[in-house]
Amino acid sequence: MSLVWHSIKLPPNEIYLDKLLRCGQAFRWVKNDNIWSSTLNNRVVFLRQIEDQLEYASLTSLKENSPKVKKLQPKLEEEIQDDVLGLISDYLNLQISIVQLYKDWASKDAHFAKVSAAFAGIRMLQQDPWETLISFICSSNNNVKRISKMCHALCLEYGDFIVEYAGTKYYTFPTPDQLASRASEASLRELGFGYRARYVYETSKMLADDKALFMQLHSMRSSNFTDEQVHEFLLQFKGVGPKVADCVALMSLNRHSLVPIDTHVLQFARRDYSYKFRGRSNATLSSAMYVDMKRFFVEKWGGYAGWAHSVLFTRDLKLE
DNA sequence: AAAGCAAGGTATACC
DNA sequence: GGTATACCTTGCTTT
């Protein structure tokens with residue numbers, strides 16, 4: 001089984017995989033032999049960059065690629081590849097150019113102008129809302145390494161096997177039904193989820209038991225809802241507070257201006273922007289201060305403040 | 001080698 | 001409205 005590569009012309013300052021796929025937006029991308037891979041829906045996606053080319057390939061289960069299906073629909077293979085391009089374009093948000101956004105942020109913000117050059121190509125992914133919700137419930141008081149480990153464990157234990165390639169077995173991210181029926185709080189604790197086991201299980205159960213709620217979660221991408229409505233909607237899930245709600249809204253529900261305030265943002269707001277809340281430097285982050293700091297960055301960066309935040313967040317992570 | 005500590009916070013109990 | 005505390009685990013840093 002060999003990969004069939006396709007190419008998109010896209011310079012590294014529009015997308016830089018080596019940082020983007022490790023900067024804590026998504027937790028299931030792995031790099032092997034210079035190729036990044038993960039699964040989207042029930043498909044394995046491979047990505048690599050060579051100069052100005054972003055290349056992609058994909059594999060899926062034999063079931064979908066069966067000779068019977070191919071025979072009935074000769075064009076299927078081509079159509080599948082079109083789908084893959086669409087899938088990847090959506091996931092990577094390729095309809096939005098970040099080069100112009102970087103210039104815009106740099107013109108408004110001297111600090112951004114000074115430090116962003118070394119962090120070019122950090123864009124916002126548009127991920128699956130359900131996976132993003134669970135992933136960021138796992139992120140509380142946690143680190144990227146363990147969050148990744150937990151997300152992989154969910155797929156391995158409760159997802160479906162897709163295909164094996166180059167010695168790696170790929171699994172889907174489990175659906176709410178799968179998680180609610182196959183997992184339990186106890187089994188999740190055994191997998192090392194700690195106190196987040198209950199949150200993950202209860203959120204799965206809520207969405208498995210209420211299909212309308214699951215549909216509603218996905219419908220939150222619609223511009224019919226305000227950022228505030230999306231934020232409030234997400235707070236109903238166990239283990240979701242203001243920060244996680246903003247992450248899910250920004251990274252999976254098109255809420256480009258939301259800036260999730262976490263320990264890193266708190267740090268660089270004070271260190272690099274002399275941010276002070278009502279003239280005082282409070283030690284802990286109150287809800288009033290949370291809201292105020294979000295407003296501070298939206299006023300500074302504008303409608304894509306959440307995207308700008310991701311650049312500085314990546315810088316603060318100190319990858320490598 | 002053992003202890004200490006921080007890691008993309010949230011829920012809960014109190015004032 | 002606002003602030004203090006417990007909470008699981010892991011990997012890295014400090015003794």
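Numbered from 1 within each chain, the chains take letters A, B, ... in sequence-line order. Everything numeric in this text was worked out from a predicted model, so none of it was measured.
The base of C:dC8 sits within donor-acceptor range of the side chain of A:R146, with an N or O pair under 3.5 Å. Scanning atom types as modelled, one donor and one acceptor separated by under 3.5 angstrom connect the side chain of A:Y195 and the base of B:dG9.
Using a 4.0 Å heavy-atom criterion, one finds that A:M150 contacts no nucleic acid atom at all. Within the nucleic acid shown, A:G24 comes within 4.0 Å of at least one base atom, counting heavy atoms only. Nucleic acid contact for A:A288: sugar-phosphate only, since backbone atoms but no base atoms lie under 4.0 Å from a heavy atom of the residue. A:C23 comes within 4.0 angstrom of a nucleotide base, judged by non-hydrogen atoms across all strands. As judged by a 4.0 angstrom heavy-atom cut-off over every strand, A:E190 is placed among residues making no nucleic acid contact. At the heavy-atom level, A:G194 lies under 4.0 Å from base atoms of the strands shown.
When each of A:R295, A:R221, A:R255, A:K294 is tested with A:D227 by the rule salt bridge (charged side-chain N to carboxylate O under 4.0 Å, His left out), just one qualifies, namely A:R255. In summary, of the residues considered (A:L217, A:L234, A:I134), a side-chain contact (heavy atoms from CB on, under 4.5 Å) with A:P129 occurs for A:L217 alone.
Secondary-structure stems of DNA chain C, taken as three or more successive Watson-Crick or G-U wobble pairs (i with j, i+1 with j-1) under a 3.5 Å distance threshold, comprise B:1-7 with C:9-15, B:9-15 with C:1-7.
Checked by atom type and distance alone, the side chain of A:R123 pairs as donor or acceptor with a backbone atom of A:E14 at under 3.5 Å. Checked by atom type and distance alone, the side chain of A:R146 pairs as donor or acceptor with a backbone atom of A:G192 at under 3.5 Å.
The side chain of A:T263 places no N or O atom within less than 4.0 Å of a non-bridging phosphate oxygen (OP1 or OP2) of B:dA6. Proximity of A:R189 to the phosphate of C:dC8: a side-chain N or O atom is located under 4.0 Å from OP1 or OP2.
Between A:S140 and A:K149, the one whose closest nucleotide on DNA chain C sits nearer the 5' end is A:S140. Taking the nucleotide of DNA chain B with the nearest heavy atom to each of A:P260 and A:L235, the more 5' of the two is matched to A:P260.
Inter-residue side-chain proximity for A:W130 and A:P176 is flagged as met; some heavy-atom pair is nearer than 4.5 Å. Counting only heavy atoms from C-beta outward, the side chains of A:S310 and A:Q25 approach each other to under 4.5 Å. The shortest distance between side-chain heavy atoms of A:Y304 and A:D104 does not fall below 4.5 Å. Looking only at side-chain heavy atoms (C-beta outward), A:L191 and A:K149 stay at 4.5 Å or farther from each other.
Rounding to whole angstrom units, CD1 of residue A:I137 and P of B:dA7 are separated by 21 Å. Atoms CZ (A:F27) and C1' (B:dG8) sit 7 Å apart, rounded to a whole Å. Spacing between atom CZ of A:R196 and atom P of B:dG8 amounts to 11 Å, rounded to whole angstrom units. With rounding to whole Å, A:R198 atom CZ is found 14 Å from B:dG9 atom C1'. Atom CG in A:N142 sits about 13 Å away from atom P in C:dC8, given to the nearest Å. Going from atom CZ of A:F313 over to atom C1' of B:dG9 covers 13 Å, rounded to whole Å. Atom CG of A:D292 and atom C1' of C:dG2 are 15 Å apart (whole Å). Put simply, CD on A:Q267 is 11 Å from C1' on B:dA7, counting in whole angstrom units.
Of the residues in residues 295-303 of chain A, none lies under 4.0 Å from DNA chain B by heavy-atom distance.
C:dC7 and B:dA7 have their C1' atoms separated by 14 Å, given to the nearest Å. For C:dT3 and B:dG8, the C1' atoms lie 22 Å apart once the distance is rounded to whole Å. Distance noted for atom P between B:dA13 and C:dC8: 15 Å (whole Å). Only the P atoms considered, B:dA6 is 16 Å distant from C:dT5, to the nearest whole Å.
Nearest to the side chain of A:Y199, among B:dG9, B:dA11, C:dC12, sits B:dA11. Closest to the side chain of A:N141, out of C:dC7, B:dA11, B:dG8, is C:dC7. Taking the side chain of A:V244 as heavy atoms from C-beta on, and the options B:dG8, B:dG9, C:dG11, the nearest nucleotide is B:dG9.
Ring centers of A:F268 and A:H264: at least 6.0 Å apart, outside the cut-off.
A:D160 and A:Q178 form a side-chain donor-acceptor contact under 3.5 Å, judged by distance and modelled atom types alone.
Ring geometry for A:Y275 versus A:F277: interplanar angle under 30°, hence parallel rather than tilted (30 to 60°).
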